[in-house]
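Take a look at the structure set out below.
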Amino acid sequence: MNLNLKAQAQNTYDAIVIGSGVSGGWAAKELTEKGLKTLMLERGHKLEHVKDYTSAMKDPWEFKYRGRITQKQRESHPYISRDYPYNEYNESYWIKDIDSPYTEKKRFDWFRGNIVGGKSIMWGRQSYRLSDIDFEANLKEGIATDWPIRYKDIAPWYDYVEKYVGISGQAEGLPQLPDGQFLPPMEFNCIEKSVKKVVEGKFPGRKITMGRVANLTKPLNGRASCQYRNLCSRGCPYGAYFSTQSSTLPAAVKTGNLTLRPDSIVNSLIYDEKKGKTTGVRVIDSNTGQMTEYYAKIIFVNASALSSTWILMNSTSNRFPNGFGNASGQLGHNLMDHHFRTGASGETDDFADQYYFGRRANGIYVPRYRNIGNDKRDYVRGFGYQGSGSRDGWQRAVAEMGFGADFKEAMTKPGKWKMGLGGFGECLPYYENKITLNKDVKDKWGQPTLTFDAEFKENEMKMRKDMANDAAEMLEAAGLKNVKTYDAGSYPGLAIHEMGTARMGRDPKTSVLNAFNQVHEAPNVFVTDGACMTSASCVNPSLTYMALTARAVDHAVKELKKNNI
Amino acid sequence: MDRREAIFKVATLMGVTLSAPLISGLVYGQGNTLLAIPDGYISPLANDNQQKMIAEIAELIIPTTKTPGAKAAKVPEFINVLITDCYPEQDQKRFFSGLDNLDEAAKKAYGKGFLAATKAQQTELLKKAEADTRALRAKQPSAPAPFFQMIKEMTVTGYFTSEIGATKALNYIAVPGAYRPCEPMKPGQKTWAT
C-alpha cells in the first residue's frame, strides 16, 4: 500500500499534456509558465532540436534514393506512401502504418507524426486567422451547430501567439482574412508581381498577398531568420520556422516545470467513478508494452485531431459507456479536411532575362472572395488559393523530348517562367463523415483502431469547378500563355488539415466541447487540437489551434485557482 | 564555401551566436540513417550485358560535354540502386525486358548487339525508342511508363542531383541566406540545382 502511494505520488503532476505537436507544445509552454508541474506525453521517439535533424544539412547527392522511398517502405507505410510528404528526407519522422493500421470504408489519407514535436516539424507553416465570416457561417446557414465563440473572443489570443511564433506576412485590411502581428513579408518575384497587378486591377474583391508563413524574416527570441533553403520539413537547424523544438519546448523547459516523456502511447483517460472525476491517463510504453498510470488535475488532449478523438472513444467507463464526454453522440462525427489539388497554371515568355536567388519557403496567397459580400454561388462557403511563380528547372528534362549533348546543355539554362494557383476549399461538417472505433483490428500494442467513413460531397464538388476555372481566368487575364486547369482529385486527409470529430458548441446535447475547449461533461479535460473545430473555414488551421490552446490554458488555470476544476 | 564555413558565415550574418556543440552537430552530426550509394554498385537483378547497357544509355542521354557526363556522375550506380530498391517487380521486369528488346532491335538492324553498335547506331536506336514511347503515351496516357521513359527519368534525375551535375552542370548553393526575387541574369547563368 505504501509502495503504491509512493508510486502514485511520483506519477502525479499538476497537468498532463497528451501530444507534443503544434497545440501540445503550446499547452506545455503556457501551463509550465503559469507554474504548473506538467507532464508532456508523446507517442513518438525523441527528436532533439538541431542534433537529430540528421538530413537537414545534407546535399542532394548524399541521399541514396535522392528523396524517393523504397518498395520496403511502401509495404511498411501503405497509406502515407500514397503521397509526397513521406519521403527519404524525413522518413523517420512518420508513423509506421503497419504498426498502427486503420480501416478505410472510403479512402482516407492519415498522416501521423511519430516524433517529439509531432507534425510541427513537417507542417506547411501557412498561418491564417479565421474571421467572423467563418465563425457565423454555421448559424447563418443552419448547418451543423453554431460555434460557441466569435472573432473577438480569439483575436487577442491570435495576437498573443503570433508575437511569439513569428509570422511573416502583409497586412491587407480584409474582413475575411484578419491581419495579425506580422514580421516583414517575403517578396514577390517577377511573374507573381505582374499577375498580382493585373488580377487586383481586373477583379475587384480579389487580392494576391504574400503567404503568411511561420518562417522568420527577422531573428526572434534567439532564433535565426529564414535561410531560404526551403528544406523545412527535415527540421530547421536555424530554428527559423515555428516548431515545438524551436519555440514552445525551450520555453517550457526553461521553467523547470516540464517533464517530457517520449515513446508514451496514451491508451485512455482514467475516470474515477467514486470521485466523479477524471484523474489521469493510462500510458503504454511503446518499447516495452508496459502500462503505467499518470495523474493530474488538468488534462490537455492534443494528440492530433483524430488521435485525440480516438483516446476519448477508447476511454469508456460506467459514467461514459459510449466514449468519453459523448452524451451528445457527436464524438467521431463531423470529420472535415480541406479539399484541394485543383487549380490552373500558365507560362510566359516575359522576364526571360530575370532570375531569382534563394529558395523562398513560401508562396503567394489569394484570400477567399467567393460568397462574400454580394457574390453568390451555387454552393456555400469558399476557397483560397496558394500558388507561386518560378522558372522551369532541370526537372523539365524528364518530360521534354530529346537526349544527348544539345539536350543536356539546354537543360542547364533556366526555362520559362511559370505560375500556378491551387485552391484550398472549405469542407462542410457532415454528421455522416465519421470515424468509429474498430475492435476487430488491433494495433501493435493490442489497442482498437479507427475505421474511416468520410467523403467530399456535392457542395465541395461544385466549389472545385470554380477553383479550377477561376484560377485559369485570372492567369489568362494576366496574359499568361498555355493556361491549363487541373483536378488531380482530392481525398479527405490528403491536405493534412483533418478537423472535427469532437466539436465545440454551445449545447452539451449537440457538442463535445464548450467555448473554452472543455469537455462539457468533464471540465478538467480540454481538447484544443483540430478535433475541436466546429467548421473548417478554408484557411490553414494550425494557427487557430495555437490561439485556442493558449486561451484554454488561461481559462483552465483561472478555474483551477478558483477550485472550480 | 564548404558546409562548415557556410554555417559560420550565415550564423554571423544573422547576428546569432551558435554554440560550438551546435556547429559540430551541424557539420559532423550526420548520423548513419542515410547511406550514400556504394561505389560501383551493380543490381543483383542485372546481367552483365544489361548492366553495361545501362551505363552506355545513361551516357548517351547525358554525355560528357564541357562538363562531365552521366558515367562520371555515377548515374549508372544510381539507376542500379533505384531499380533494385524503389520499383515494384512489374516495373523491374518491364525495365530489364526493355533493355533486352533494345539489344534485340540492335541485332535486327545492325547485326550486332547494342554495346557493339557504333555511337551513331546507338543514338538511332534510342531515338526510335523515344518516338515509340511518345506514340504509346499519346495513345494510352495512363499506361505504365515504357522502358525509355524509365531510364531517361532515372538518368536526368540521377545526374542533376549528383555532385557533378548539381555543382558543375548546374548552380548549387546549399545555404542562400537571402531571397532576391528578381535580378538580371548573369552571362552564362545556369539553372539552380535546387
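So you know, we letter chains A, B, ... as the sequences are listed, proteins then strands, and number each from 1.
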Between [X] and chain B, which part of the residue has a heavy atom less than 4.5 Å away: side chain, backbone, both or neither?
X	result
A/Lys218	neither
A/Ala399	backbone
A/Glu400	backbone
A/Tyr355	both
A/Ala56	neither
A/Met411	both

**Request:** Identify the heavy atoms of B/Ile61 and A/Phe407 that sit nearest to each other, and give their distance.
**Result:** O-CD2, 4.4 Å
**Request:** Please report the closest heavy-atom contact between B/Met185 and A/Pro414, naming both atoms and the distance.
**Result:**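 So the minimum-distance heavy-atom pair works out to SD-CG, 3.9 Å.
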Tell me, side chain or backbone of [X] under 4.5 Å from chain A's heavy atoms, or both, or neither?
X	value
B/Phe148	side chain
B/Lys190	both
B/Thr67	both
B/Ala193	backbone
B/Thr123	both
B/Ile164	neither
B/Lys74	neither
B/Arg137	neither

**Asked** Pick one: which of B/Ile151, B/Thr155, B/Leu126 meets side chain to side chain contact (heavy atoms under 4.5 Å, CB included) with A/Phe403?
**Response** B/Leu126
**Check ion pair B/Lys66-A/Glu409 (N to O, under 4.0 angstrom)** =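 Looking at A/Glu409 together with B/Lys66, the answer is yes, because their closest N to O distance falls below 4.0 Å.
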**Asked** Any Lys/Arg nitrogen of A/Arg68 or B/Glu153 sitting under 4.0 Å from an Asp/Glu carboxylate oxygen of the other?
**Response** yes
**Request:** Assert yes or no for the condition that the ring centre distance of A/Trp394 to B/Tyr159 is strictly below 6.0 Å.
**Result:** no
**Message:** Is the shortest side-chain heavy-atom distance between B/Pro176 and A/Gln227 below 4.5 Å?
**Reply:** no
**Item:** Side-chain heavy-atom pair B/Thr194, A/Arg359 within 4.5 angstrom cut-off
**Value:**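 They are in contact (side-chain heavy atoms under 4.5 Å apart), so the answer is yes.
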**Message:** Quick check on the interface: out of A/Gly402, A/Gly415, A/Ala405, who has the most heavy-atom pairs with chain B under 4.5 Å?
**Reply:** A/Gly402
**Message:** I'd like to verify something: which residue of A/Arg360, A/Lys413, A/Arg391 has the highest number of heavy-atom pairs under 4.5 Å with chain B?
**Reply:** A/Arg360
Interatomic spacing from [atom1] in [X] to [atom2] in [Y] - rounded to 0.5 Å:
X	Y	atom1	atom2	value
A/Phe357	B/Trp192	CZ	CH2	5.5 Å
B/Thr161	A/Asp59	OG1	CG	11.0 Å
A/Lys64	B/Cys86	NZ	SG	9.0 Å

**Request:** Could you check A/Val398 against B/Phe160 for side chain to side chain contact (heavy atoms under 4.5 Å, CB included), going step by step and ending with a plain yes or no?
**Result:** CA-CA 11 Å; A/Val398 173; B/Phe160 289 119; over 6 Å; no
**Message:** The test is ring-ring contact (aromatic ring centres under 6.0 Å, His included); show your working for A/Trp61 and B/Tyr172 and say whether it passes.
**Reply:** CA-CA 12 Å; A/Trp61 53 89; B/Tyr172 176 66; 5.3 Å; yes
**Prompt:** Where do B/Cys182 and A/Lys193 land on the side chain to side chain contact (heavy atoms under 4.5 Å, CB included) test, with the steps shown first?
**Reply:** CA-CA 10 Å; B/Cys182 308; A/Lys193 256 184 233 164; 4.2 Å; yes
**Request:** Let me see the working for A/Met401 and B/Arg134 under side chain to side chain contact (heavy atoms under 4.5 Å, CB included), right down to the final yes or no.
**Result:** CA-CA 9 Å; A/Met401 189 89 176; B/Arg134 283 273 151 165; 3.3 Å; yes
**Message:** Over 60° means perpendicular and under 30° means parallel, so tell me whether A/Tyr228 and B/Tyr179 are parallel, tilted or perpendicular.
**Reply:**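 Rings of A/Tyr228 and B/Tyr179: parallel, as their planes differ by under 30°.
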**Prompt:** Any luck finding a side-chain donor-acceptor pair between A/Lys408 and B/Thr65 under 3.5 Å?
**Reply:** yes
**Asked** So, A/Arg66 and B/Thr157: side-chain donor and acceptor under 3.5 Å apart, yes or no?
**Response** no
**Message:** Out of B/Asn171, B/Leu82, B/Thr84, return the one with the most heavy atom pairs under 4.5 angstrom to chain A.
**Reply:** B/Leu82
**Other residues, nucleotides, ligands: >12 heavy atoms within 6.0 Å of B/Glu89 CD** =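 Atom CD in B/Glu89 is not packed in, count stays at 12 or less.
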**Asked** Can you tell me if CG on A/Asp353 sees more than 12 non-hydrogen neighbours from other groups inside 6.0 Å?
**Response** yes
